[in-house]
Amino acid sequence: MDFDLTEEQRLLSETVSRFVADRYDFHSRLKAMAEERGYSRAIWDQMADLGLLGLPFAEGDGGFGGGGVETMLVMEALGRGLVVEPYAGAVLMAGGALRLAGSPAQKAARLEGIIAGQYLMALAHSEPDGPRHTVDQLRTRGVVDGDGWRLTGAKTAVIAGDSTDELIVSAVTPGGVTLFLVDPQADGIAVQGRSGYDGCRVADVRLDGVWAPANAVLGGVGSGSATLTRLFEEVTAALVAEAVGIMTDALNTTVDYLKTRSQFGVAIGSFQALQHRAVDMMMQVELARSMAILAALSLEMPAVERRLNIAAAKAKIGQAARFVGQQAVQLHGAIGLTLEYKIGHAFKRLTAIDALLGDADHHLDVIAEAGGLPAIG
């Protein structure tokens with residue numbers, strides 16, 4: 001594998017890193033979380049101006065045709081800033097479903113607005129009472145009604161679901177799982193916004209016989225499972241990169257704290273035991289970074305190898321994130337638990353990332369059921 005970045009990739013990494021460093025400090029995050037949408041519209045517009053919202057879409061659709069490595073670079077930089085804007089949920093997840101399964105007409109009607117930051121979509125897939133980490137074991141149902149469909153069910157933790165312009169809803173239909181484009185203002189739908197565990201805005205959605213016309217089907221009847229399987233691999237690789245960015249910043253913040261916090265008249269960073277703990281954190285961050293690179297490059301590999309490598313990366317990230325988060329909080333002492341300090345926010349976001357699309361235990365089970373990872377070479 002070639003881990004070297006191209007000149008364009010280095011420029012992208014530098015641009016996004018500079019944007020986060022210059023315009024998104026911790027106080028910006030707190031201010032954005034306090035807004036009605038749960039994120040800053042001004043920052044979202046700036047991300048659009050930088051071209052970040054168009055990164056994963058094909059050039060023919062008005063985007064930049066970025067792949068796994070480009071997404072990794074962006075997500076790691078956004079992770080370092082603990083950026084609360086719904087890039088992963090709106091652009092990579094909902095936008096990714098449209099990119100993978102949308103018809104030319106469906107894309108033409110939406111992508112220009114998405115890339116410009118003027119149109120927001122959200123994927124409503126997870127359910128409050130169904131099995132976790134599944135693409136097809138759903139309770140939401142779609143039944144044929146005339147020349148359209150009636151959707152009934154419930155969805156939970158829909159990222160940016162209460163500020164979206166359109167939902168993509170997964171439902172079981174006679175032909176298998178199908179994705180539907182749904183207006184959040186349609187009759188029979190109820191959307192209740194709330195703050196997630198990590199402070200990011202999510203929503204719970206109930207559908208009671210919501211009408212969806214035939215042209216609202218995304219990708220064809222019964223094609224939803226295949227679309228979601230591929231989509232979740234891409235998003236999982238992106239979340240792994242975000243976690244690396246968060247852990248990197250948590251490590252740097254902790255080391256700076258150890259250098260400045262005094263005890264017994266000396267900086268606590270001079271204590272060998274604490275130095276060892278910081279080194280252990282650094283080792284976990286670097287191991288996680290290697291797995292993030294593997295996940296990004298694996299998106300171009302055959303299906304089985306791709307699936308298992310990404311599962312291994314997500315499992316490692318879950319383990320590393322817990323260790324780094326716990327160490328960062330403990331080394332900061334009581335201040336690490338307060339909402340006024342970013343270490344606590346970082347630990348919560350790392351915990352949320354571990355749970356999204358399967359935690360470490362889930363992905364270890366995936367690897368075990370497959371008989372282990374594929375042989376190298």
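Sequential numbering from 1 along the given sequence is applied to the chain's residues.
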> Ignoring hydrogens and geometry, is there a side-chain-to-backbone donor-acceptor pair from Arg306 to Met301 under 3.5 Å?
Replying inline: yes

> Just checking, is any N or O donor in the side chain of Ser17 or Arg80 under 3.5 Å from an acceptor N or O on the other one?
Replying inline: yes

>> If the threshold is 4.0 Å, N to carboxylate O, is there a salt bridge linking Glu127 and Arg132?
In response: no

>> Quick check: closest heavy atoms across Gly358 and His133, and the distance to 0.1 Å?
In response: N-ND1, 3.2 Å

> Taking the six-membered ring for Trp, are His332 and Tyr341 parallel (under 30°), tilted (30 to 60°) or perpendicular (over 60°)?
Replying inline: tilted

>> Within the structure provided, determine whether Leu98 and Leu218 are in side-chain contact (heavy-atom separation under 4.5 Å).
In response: yes

> Quick one: do Met247 and Val329 end up in the same hydrophobic cluster if we chain Ile, Leu, Val, Met, Phe, Trp and Tyr together by side-chain heavy atoms under 4.5 Å apart?
Replying inline: yes

>> Quick check: do Tyr257 and Leu331 have side-chain heavy atoms less than 4.5 Å from each other?
In response: no

> Can Val144 and Trp149 be said to form a side-chain contact (heavy atoms from CB on, under 4.5 Å), step by step?
Replying inline: CA-CA 5 Å; Val144 176; Trp149 299 81; 3.6 Å; yes

>> How close do Leu151 and Ala212 get, counting heavy atoms only, and between which atoms?
In response: CD1-CB, 4.3 Å

> Any salt bridge between Glu35 and Arg41, counting N to O under 4.0 Å?
Replying inline: no

>> Checking the side chain of Thr164 only, and the main-chain atoms of Leu120 only, is there a donor and an acceptor separated by less than 3.5 Å?
In response: yes

>> When you measure from the side chain of Tyr39 to the backbone of Arg201, do you find a donor-acceptor pair of N or O atoms at a distance under 3.5 Å?
In response: no

>> If I compare all heavy atoms of Val202 with all of Ser195, which pair ends up nearest, and what's the gap?
In response: CG2-C, 4.4 Å

> Do Leu228 and Leu123 have side chains that get closer than 4.5 Å, going by heavy atoms?
Replying inline: yes

> Sub-3.5 Å donor-acceptor pair from the side chain of Arg150 to the main-chain atoms of Gly209, do we have one?
Replying inline: yes

> Are the side chain of Glu234 and the backbone N or O of Leu231 linked by a donor-acceptor pair below 3.5 Å?
Replying inline: no

>> Under 4.0 Å between a side-chain nitrogen and a carboxylate oxygen: does that hold for Arg349 and Glu242?
In response: yes

> Is it true that Glu14 and Arg10 make a salt bridge, defined as a side-chain N closer than 4.0 Å to a carboxylate O?
Replying inline: no

>> Do His345 and Phe26 have side chains that approach each other closer than 4.5 Å (heavy atoms only, starting at C-beta)?
In response: yes

>> Is there a continuous path of hydrophobic side-chain contacts, each under 4.5 Å between heavy atoms, that joins Leu181 to Val158?
In response: no

>> Tell me if a side-chain donor or acceptor on His363 pairs with a main-chain N or O of Leu357 at a distance below 3.5 Å.
In response: yes

> In terms of hydrophobic clustering (I, L, V, M, F, W, Y; side-chain heavy atoms under 4.5 Å; direct or indirect links), are Val177 and Phe180 co-clustered?
Replying inline: no

> Can you check side-chain contact (heavy atoms from CB on, under 4.5 Å) on Val74 and Leu55, steps first, answer last?
Replying inline: CA-CA 9 Å; Val74 170; Leu55 180 72; 3.6 Å; yes

>> With side-chain contact (heavy atoms from CB on, under 4.5 Å) as the criterion, how do Ile310 and Leu308 come out once you've worked through the C-alpha distance, each side chain's angles and the decisive distance to 0.1 Å?
In response: CA-CA 5 Å; Ile310 291 174; Leu308 294 178; over 6 Å; no

> Is Glu112 atom CD crowded by more than 12 heavy atoms from other residues, nucleotides or ligands, each under 6.0 Å away?
Replying inline: no

> Any side-chain donor-acceptor pair under 3.5 Å between Ser170 and Lys155?
Replying inline: yes

>> More than 12 heavy atoms of other residues, nucleotides or ligands under 6.0 Å from CD of Gln275: yes or no?
In response: yes

> Do you know the tightest heavy-atom contact between Asp136 and Ser225?
Replying inline: CB-OG, 3.5 Å

>> Rounded at 0.5 Å granularity, tell me how far CG in Asp4 sits from CD in Gln9.
In response: 10.0 Å

> If two hydrophobic side chains count as joined below 4.5 Å and joins carry through other members, does Tyr24 share a cluster with Met33?
Replying inline: yes

>> Can you tell me how far apart CG (Leu111) and NZ (Lys107) are? Round to the nearest 0.5 Å.
In response: 7.0 Å

>> Measuring only between side-chain heavy atoms, which start at C-beta, is Met121 closer than 4.5 Å to Leu167?
In response: no

> What do the steps show when you test Thr152 against Thr140 for side-chain contact (heavy atoms from CB on, under 4.5 Å), and what is the final call?
Replying inline: CA-CA 6 Å; Thr152 301; Thr140 301; over 6 Å; no

> Would a hydrophobic clustering, with Ile, Leu, Val, Met, Phe, Trp and Tyr connected at side-chain separations under 4.5 Å, put Ile343 with Val244?
Replying inline: yes

> Do any pairs count as a ring-ring contact (aromatic ring centres under 6.0 Å, His included) and have a residue in residues 77-124, sequence neighbours left out, and if so which ones?
Replying inline: none

>> Which heavy atom of Ile353 sits nearest to which heavy atom of Leu239, and what is that distance?
In response: CG2-O, 3.8 Å

> Do Glu166 and Val182 come within less than 4.5 Å of each other through their side chains, counting heavy atoms only?
Replying inline: no

> If you round to the nearest 0.5 Å, how far is CD1 of Ile159 from CE of Met93?
Replying inline: 5.0 Å

> Would you call Leu12 and Phe64 a side-chain contact if the rule is heavy atoms closer than 4.5 Å?
Replying inline: no

> So which pairs with a foot in residues 244-265 pass salt bridge (charged side-chain N to carboxylate O under 4.0 Å, His left out), sequence neighbours left out?
Replying inline: Asp249-Lys342

>> What I want to check is whether the side chains of Glu85 and Ser40 have a donor and an acceptor closer together than 3.5 Å.
In response: no

> Do Leu5 and Val69 touch side chain to side chain, with heavy atoms closer than 4.5 Å?
Replying inline: yes

> Looking at Asn252, Thr248, Asp280, which hits side chain to side chain contact (heavy atoms under 4.5 Å, CB included) with Val285?
Replying inline: Thr248

> Looking at CG of Asp354 and CG of Asp361, how far apart are the two atoms once the value is rounded to the nearest 0.5 Å?
Replying inline: 8.0 Å

> Which atoms form the tightest heavy-atom contact between Ile317 and Ala288, and what is the distance?
Replying inline: CD1-CB, 3.5 Å

>> If the test is side chain to side chain contact (heavy atoms under 4.5 Å, CB included), which one of Leu73, Ile246, Val83 qualifies with Leu78?
In response: Val83

> Charged N to carboxylate O below 4.0 Å: is that the case for Arg307 and Glu233?
Replying inline: no

> Any donor and acceptor pair, going by atom type alone, linking the side chain of Ser223 with main-chain N or O of Gly220 inside 3.5 Å?
Replying inline: yes

>> Taking side chain to side chain contact (heavy atoms under 4.5 Å, CB included) as the criterion, tell me which of Met281, His276, Met283 meets it with Val279.
In response: Met283

> Would a distance-only check, ignoring hydrogens and angles, find a side-chain to backbone donor-acceptor pair under 3.5 Å from Asp198 to Cys200?
Replying inline: yes

>> As an exercise, state the distance from CG of Leu30 to NE2 of His27, rounded to the nearest 0.5 Å.
In response: 7.0 Å

> Short question: side chain of Gln319, backbone of Lys316 - any donor-acceptor pair under 3.5 Å?
Replying inline: no

> For Leu82, does its backbone N or O pair with a side-chain atom of Arg29 as donor and acceptor, under 3.5 Å?
Replying inline: yes

> When you look at CZ of Arg277, are more than 12 heavy atoms from neighbouring residues, nucleotides or ligands closer to it than 6.0 Å?
Replying inline: yes

>> Within the supplied structure, the quantity of interest is the number of heavy atoms (other residues, nucleotides, ligands) at a distance under 6.0 Å from Arg206 CZ; does it exceed 12?
In response: no

>> Counting neighbours of CG on Asp187 that are heavy atoms of other residues, nucleotides or ligands and sit closer than 6.0 Å, is the number greater than 12?
In response: no

